[in-house]
Amino acid sequence: MKHFLKGVAAWAIVMSIAMLIHIFFNMKGIDLNNYINSTVEVLLLSSLNIALYHSFTKNEK
C-alpha cells in the first residue's frame, strides 16, 4: 500500500507541474499543441513520474 500511495503522490506532483506549465504558456498566448506532440509530452511526463517514484522508494529495504 505504501508503494501505491508513493506512486499516486508522484503522479499528482507531475500532473500539477504539467498543469502549471500549460497555464503559464496559455496566459502568454502560446499554444503548446503547435510546438510539442501529445505523444512526446506523455513520454516526457511518464519518465519524470518514474524517476520521481524511484527517488521516493530509493531508501527502502
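Quick note: residue numbers are just sequence positions, from 1.
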Residue pair G7 / N49: nearest heavy atoms and the distance that separates them
O-OD1, 4.4 Å

Please report the shortest heavy-atom distance between H3 and Y53, naming the atom on each side.
ND1-OH, 3.0 Å

[X] side, atom [atom1]; [Y] side, atom [atom2] - distance, nearest 0.5 Å:
| X | Y | atom1 | atom2 | answer |
| --- | --- | --- | --- | --- |
| D31 | H22 | CG | NE2 | 9.5 Å |
| W11 | S46 | CH2 | OG | 14.0 Å |
| I23 | M27 | CD1 | CE | 8.5 Å |

Joint hydrophobic cluster, [X] plus [Y], side-chain heavy atoms closer than 4.5 Å:
| X | Y | value |
| --- | --- | --- |
| V8 | I17 | no |
| L52 | I21 | yes |
| L45 | F25 | yes |
| L44 | I30 | yes |

Going by side-chain contact (heavy atoms from CB on, under 4.5 Å), name the residues that satisfy it together with F24, two or more places apart in sequence or in a different chain.
K28

What residues, two or more places apart in sequence or in another chain, satisfy side-chain contact (heavy atoms from CB on, under 4.5 Å) together with L48?
V14

